[in-house]
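One-based numbering, in listed order, for ligands and for the atoms of each. We number each residue from 1, following the sequence as shown.
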Amino acid sequence: MERSKNKKFIISLILLIPFVFGGFIPNETMMPAFRMKKIVLDAGHGGKDPGNLGSRSREKDINLAVTLMVGKYIEESMPDVEVIYTRKDDSFPTLKERPQIANNNKADLFVSIHSNSAANRSAFGTETFVMGTKHFDANFDIVKRENSVIFLEEDYKENYEGFDPASPESYMMFNLMSKAFFENSISLADQIETQFKDRVGRKSRGVKQGPFYVLWTPSMPSVLVELGFLSNSNEERFLMSETGQDYMASAIFRSIRDYKNQIESK
Ligand SMILES: [Zn+2]
């Protein structure tokens, strides 16, 4: 009697083995699929830093309005995604703090939203940047302008370890992001520009590269969107209107949604 009990016990142990150890054997099909859970939305500038000035608008206000709309769309339509904002009001997070917020939260995506300006008032159109130095010379003006925000910060010399936004040599320290992050950033940037062009009817100036400080330190795919030129009166009027802001925000939202579906199905 005792023996057959033992036998039964041993047999059931043997039968259990695949279930118990199966859980510990890493297997391609058992690896949890990547899920995009957290997105950091960064409304460029803020507080004492107005950003570019149009004839009737300030960049910081337009960036914030569009960013909050993008966030609202994500929160409404993608309940599994947490949206983290670097600012939700007219405050002034430093250029260093913005990507830090993304890194500290272990975010899966960083999207920085800006508006452009140029001395040539006829210039208009959207462009989306990823971290990189290709054709850097052509984009140096805008990179320099965006990075020069650090001069408004106290202790910028200590915080940025001698980084000088106006000196091309300073950019030697910008090491490039990993290939996977770079490719994903390009993929999102492509989708944003396509949405702007095909769905909102904007002129897309394309996907570009630039060593922006905010794109340098995030440890995740990241893009910087330029919604248009406040120096161009037509574009300024469009970006100041609620309809224009809503069109741009929904275009960015759809790109993020498609990007999420795309990388999660990989
Ligand atoms: Zn800006």
Which pairs with one or both residues in residues 101-128 pass salt bridge (charged side-chain N to carboxylate O under 4.0 Å, His left out), sequence neighbours excluded?
E127-R205, E127-K208
Any ring-ring contact (aromatic ring centres under 6.0 Å, His included) involving residues 72-114? Give me the pairs, sequence neighbours left out, ordered by first then second residue.
H45-H114, Y73-F253
State which residues pass side-chain contact (heavy atoms from CB on, under 4.5 Å) with S204; sequence neighbours excluded, sorted by chain then number.
T126, E193, K197
Assess whether a salt bridge exists between K260 and D80, defined as any Lys/Arg side-chain N lying under 4.0 Å from an Asp/Glu carboxylate O.
yes
Angle class for the F129/F212 ring planes (parallel below 30°, perpendicular above 60°, tilted otherwise)?
perpendicular
Identify the residue among K60, R98, R87 that makes a salt bridge (charged side-chain N to carboxylate O under 4.0 Å, His left out) with D42.
R98
Work out how many protein N, O or S atoms lie closer to the Zn ion (ligand 1) than 2.8 Å.
5
